[in-house]
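Structure first, commentary second.
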Amino acid sequence: YFRMLDFARPYAFKLLVVAVCFALAGALEVASLGQVQQVLDHGFLNADPVAARGVLIHVALTVVGIMALKGFFSYFADVLNNGVSNALVVDVRGRVFDHYTRLPLSFHSHQRLGQMVSRLGYDAAYMQTGISDVVGRVFGSGLRIVFLVAYIFYLNWHLALQVIVIFPLAMGPLYFFGRKIRRYASRDQERMADLSSLAQEVLAGIRVVAAFAREDHERARFRVVLKNHYHAVMQKLRMAALSSPVMEVIGAVGIALMIYLAGSQVVDKAMTFGAFGSLMVATFSLYPHFKSLNGVNVNIQNAIAAGTRVFEVLDTPVAIADKPGAKTLKAPKRKLSFEHVTFAYGGGHAVLKDVSFELKAGQRLALVGPSGAGKSTLADLLPRFQDVSAGSVRWDGTDVRDASLESLRGQIGVVTQETFLFNDSIAANIAYGRPDASRAEVEEAAKAANAHAFVMEQAQGYDTLIGERGVRLSGGQRQRLAIARAILKNPPVLILDEATSALDTQSERLVQQALERLMRKRTTLVIAHRLSTVRHADEILVLDKGQVAQRGKHAELLKQGGLYARLYRMQFADRKPRGKK
Ligand code: ADP
């Protein structure tokens, strides 16, 4: 919780104002209680009826005045307090989102999207309630309790001392409920994260769900998750509901004590009737504030559970960061080299073992190998989507780990099998890597990528909005947009993961042509699935189980026989353009 308050530091001054406003409002409320004694002692017990009436009118006006003033301060305190807590949540959400974007890709590949979104939404909201509520109630109710207790002491400290023993009695249950509620609150938040994960997953994969007619199954699965969440919430709420009467009974014991002790004093004529009245009103006034403090406990526990989950994210180290004094890379002049590279995912077994090769500037290296051989992993090491476990990746001799990420990734274009398109216009999607590009440049890139023609067929041309995940475009069209995106960025180095799925002949030809234009004059590392790619490669690296099995040019490798020849027959031979056999 204290770490959460850390977020509040920039708002310290505002919070101080909030506290002062709450304090003033509280003090005014207590002041109004003093009027009760006036009514009883100087009103009812006044021998002179005219004077008594005067006192009553005076008291009535004073009470209205006090309450109006109190309302004024309460209003300010509430508005400011809500302003601060909502601004805090903006900060928290901003920080978490920023952190998500900085976390290594390996983190993202192990996290469910729904979980991450849930932390941004649900958990941050709980933190907000926790903070605003605590500030509001601690200052509001807490200060009032202090004032009221002080007032009771002022009225009769003797009595107050006798009744105050009840406080320690309340601490035990308060602690007990706090712990339970926090446990149930974190369960509630986990179940909520499950819920959004599942919803997100099913909706994102709705085509698969539909294709396999698994709607009923998914609906049932979602019902289970909903039910789990319901149970978690109810468990928490039951505990919160139980805490309230328990605390009330303890409070009632205090009131009972006060009635008995103070009443006895009135009977013994040791206290005036007015003082007794004031004392009773003050004691009863304490009551709702105690209840409200118990409510704070519930919200604090909620917020702590949520805060723990949020801080878990913020505490995940940003593994790949620039070293101090990182070098700025320029387009490679000589070569990119992998030197004795070994890599393992998160402490697992080595996926790449002692891989060494060179890629001369301007040349094309094709990676070939059975699925799971480590081709994608190898390609991920160059832009530092992952860092090597041993060995090094060098860029004109500079270890990429000594370079700034921005300059490194600025030189590399990545075109993957799956094309992610943002929910934005076609032009904005093409210009994603260079938002400042002019419309003419965008069109030029689209033309080079064989995308211009189909873009012009769309209702609004380049301004056509692509639905989420680009559902309104065909696979080949999406690939060509991705190629246009890379062409526009114009990076000297290119990493290409060719699509394995075969497109129809016409689309295939257009994509192939676009790719050729994209690769021209660029240093290219390509995960090859197409025959023409391996044929035109300057060198082919055949990977098997994380090791280099063979290397050379297409013709040599075919002659050698072995893995490449086998792969060639399986992967490429059946894709030979018809008539060329
Ligand atoms: P290829 O691209 O040649 O099909 P990959 O580089 O994708 O091969 O995978 C190589 C090996 O690394 C496989 O055994 C795969 O299971 C494993 N692997 C890939 N990605 C991850 C990951 N994020 N975490 C753990 N293991 C992974």
Side-chain angles (χ1 to χ4, degrees), residues 100-116 197 201 204 313 316-320 336 338-357 359 364-393 400 409 412-420 479 482 493-502 515 524-531 533-534 537 539-551 554 557 562-572 575:
Y100 276 150
T101 62
R102 284 198 200 99
L103 283 169
L105 297 183
S106 57
F107 173 89
H108 289 277
S109 57
H110 287 290
Q111 279 279 333
R112 294 170 75 190
L113 207 51
Q115 289 269 358
M116 302 207 277
S197 289
E201 210 173 277
V313 174
T316 310
V318 186
I320 296 180
L336 307 177
F338 279 59
E339 298 177 1
H340 305 287
V341 167
T342 295
F343 177 82
Y345 281 101
H349 68 282
V351 172
L352 294 172
K353 286 163 235 151
D354 196 24
V355 174
S356 297
F357 66 89
L359 170 54
R364 190 184 303 178
L365 184 112
L367 289 173
V368 173
S371 154
K375 304 181 293 290
S376 318
T377 308
L378 188 70
D380 279 353
L381 296 176
L382 184 59
R384 293 186 70 201
F385 291 156
Q386 307 283 356
D387 265 342
V388 295
S389 309
S392 61
V393 177
V400 288
R409 293 183 183 165
I412 303 175
V414 181
V415 179
T416 51
Q417 295 193 22
E418 282 163 47
T419 305
F420 186 86
Q479 278 180 23
V493 176
L494 190 67
I495 295 173
L496 194 63
D497 190 354
E498 287 183 335
T500 38
S501 53
L515 283 175
T524 307
L525 186 65
V526 51
I527 299 174
H529 297 289
R530 289 190 171 88
L531 181 67
T533 309
V534 287
E539 188 177 16
I540 298 167
L541 209 63
V542 186
L543 279 185
D544 188 25
K545 301 193 185 78
Q547 281 171 313
V548 180
Q550 284 177 295
R551 63 178 86 201
H554 176 65
L557 289 175
L563 182 58
Y564 184 77
R566 278 208 307 282
L567 280 173
Y568 172 76
R569 280 195 297 274
M570 282 182 344
Q571 272 193 334
F572 305 117
R575 300 224 188 138

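Both ligands and their constituent atoms are indexed starting at 1 by order of listing. Excluded from the calculations below are hydrogen atoms, water molecules and symmetry mates; all remaining heavy atoms, backbone and side chain alike, are included. Numbering starts at 1 and runs along the sequence shown.
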Scan the protein's non-hydrogen atoms and note whether one is under 4.0 Å from atom 15 (C) of ligand 1. no
My question is simple, although I want it checked carefully: is atom 1 (P) of ligand 1 less than 4.0 angstrom from any protein heavy atom? yes
With a cutoff of 4.0 Å, is G372 in contact with ligand 1, counting heavy atoms of the residue only? yes
What protein heavy atom is closest to atom 26 (N) of ligand 1, reported as residue, atom name and distance in Å? Y345 CD1, 3.2 Å
Nearest protein heavy-atom contact for atom 11 (C) of ligand 1: which residue, which atom, what distance? V351 CG1, 3.3 Å
In terms of its nearest heavy atom to atom 8 (O) of ligand 1, the top option of G348, G374, S371, A350 is G374
Check the angle between the aromatic planes of F343 and Y345 and answer parallel, tilted or perpendicular using the 30° and 60° thresholds. perpendicular
Could you please spell out the steps behind the side chain to side chain contact (heavy atoms under 4.5 Å, CB included) verdict for H554 and I540? CA-CA 7 Å; H554 176 65; I540 298 167; 3.9 Å; yes
Value for CG (L336) from CG (L365), rounded to nearest 0.5 Å, stands at 10.0 Å
Go through L382 and V493 one step at a time and tell me if the side chain to side chain contact (heavy atoms under 4.5 Å, CB included) criterion holds. CA-CA 10 Å; L382 184 59; V493 176; 4.0 Å; yes
Taking heavy atoms and a distance under 4.0 Å, where does T377 meet ligand 1: side chain, backbone, both or neither? both
V534 vs Y564, test: side chain to side chain contact (heavy atoms under 4.5 Å, CB included). Steps then yes/no. CA-CA 11 Å; V534 287; Y564 184 77; 3.6 Å; yes
Pull out every atom of ligand 1 sitting under 4.0 Å from any heavy atom of S376, numbered as shown with elements. 1 (P), 2 (O), 6 (O), 7 (O)
Start with the C-alpha gap between V548 and L543, add the side-chain angles, then the distance that decides, and say whether side chain to side chain contact (heavy atoms under 4.5 Å, CB included) holds. CA-CA 5 Å; V548 180; L543 279 185; 4.1 Å; yes
In the structure I gave you, are the side-chain heavy atoms of H529 and D497 within less than 4.5 Å of one another anywhere? yes
Below the 3.5 angstrom mark, is there an N/O of A373, backbone or side chain, next to an N/O of ligand 1? yes
